[in-house]
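Below, read A as the first sequence line, B as the second, and so on, with proteins coming before strands; counting in each chain starts at 1.
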Amino acid sequence: EPEVTQTPSHQVTQMGQEVILRCVPISNHLYFYWYRQILGQKVEFLVSFYNNEISEKSEIFDDQFSVERPDGSNFTLKIRSTKLEDSAMYFCASREQNINTGELFFGEGSRLTVL
Amino acid sequence: AQRVTQPEKLLSVFKGAPVELKCNYSYSGSPELFWYVQYSRQRLQLLLRHISRESIKGFTADLNKGETSFHLKKPFAQEEDSAMYYCALSSGNTGKLIFGQGTTLQVKP
């Protein structure tokens, strides 16, 4: 069964460093998402991406965040200058073309620790 | 404002007991609601959605628009049901999900 895959599974970085989290969505899916979950808190929406552009972003998704799909397979989340509060689990998700099916398929997550 | 509320952080029951995980929502329009589950060390996965009105692994959930609720129920809990359960609302044209805080279900032997 096809799955969303994410790398790395865990990254430790120093405050101020740039981080890129990578995701390979399911191949025939067209809608892509990033979510984050700070320890002990709820899963929060960051951004959605469709047709090679951001379709919606949350207040959390400020200028230090960016997403791109550089090669038609990978979907990346870049955090330009990490802060301590960026420490969280980051989940990638994708959805097939029919938006009415409703199901998002999630990756296993990338744990980011900012020191 | 669009919001999903799961009032219980932890629900602990004995095997064979009935289970009800509560979920309330706030949404202006026709909501699409889901339950996602996360078993230990596994990814979030869809358990069920209100539109299909199905029963998965013995779980059911009924959308009650009057009470703005979508509670998850199972008549007889099993140990393998122990997991984190998230209620979620599909919002807007992008199909993003808004999650509740999650409820940990612990089924004791």
Exercise for the section: Against chain A, label B:Gln38 side chain, backbone, both or neither, depending on which of its atoms sit under 4.5 Å from a heavy atom there. Expected result: side chain

Practice task
Examine whether an atom of B:Gln45 lies under 4.5 Å from a heavy atom of chain A, and if so say whether it belongs to the side chain, the backbone or both; otherwise answer neither.
Solution key: neither

Problem - Contact class of A:Phe91 relative to chain B, heavy atoms under 4.5 angstrom - result: side chain

Handout entry: Contact class of A:Ser48 relative to chain B, heavy atoms under 4.5 angstrom
Key = side chain

Practice task
Flag the pair B:Gln101 / A:Gln41 as yes when at least one side-chain heavy-atom distance between them is below 4.5 Å, and no otherwise.
Solution key: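 Not in contact.
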
Problem - Side-chain heavy-atom pair A:Leu104, B:Tyr36 within 4.5 angstrom cut-off - result: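 Answer yes - side chains close enough.
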
For [X], I'd like to know if atom [atom1] has over 12 heavy atoms of other residues, nucleotides or ligands within 6.0 Å.
X        : atom1 : result
B:Lys108 : NZ    : yes
B:Tyr39  : OH    : yes
A:Glu59  : CD    : no
A:Asp62  : CG    : yes

Distance from [X] atom [atom1] to [Y] atom [atom2], nearest 0.5 Å?
X       : Y        : atom1 : atom2 : value
A:Lys42 : B:Thr5   : NZ    : OG1   : 7.0 Å
A:Glu44 : B:Leu97  : CD    : CG    : 14.0 Å
B:Leu44 : A:Glu108 : CG    : CD    : 11.0 Å

Fill in the blank from the handout: Expected contact set for residues 6-25 of chain A against chain B at heavy-atom separation under 4.5 Å reads none

Practice task
With side-chain contact (heavy atoms from CB on, under 4.5 Å) as the test, would you mind laying out the steps for A:Val43 and B:Tyr86 before giving the verdict?
Solution key: CA-CA 9 Å; A:Val43 178; B:Tyr86 293 94; 4.1 Å; yes

Problem - Lys/Arg N to Asp/Glu carboxylate O, B:Arg43 vs A:Glu3, below 4.0 Å - result: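 Salt bridge present between B:Arg43 and A:Glu3.
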
Exercise for the section: Flag the pair A:Tyr35 / B:Phe99 as yes when their ring centroid distance falls below 6.0 Å, and as no otherwise. Expected result: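 Yes - the distance between ring centres of A:Tyr35 and B:Phe99 falls below the 6.0 Å cut-off.
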
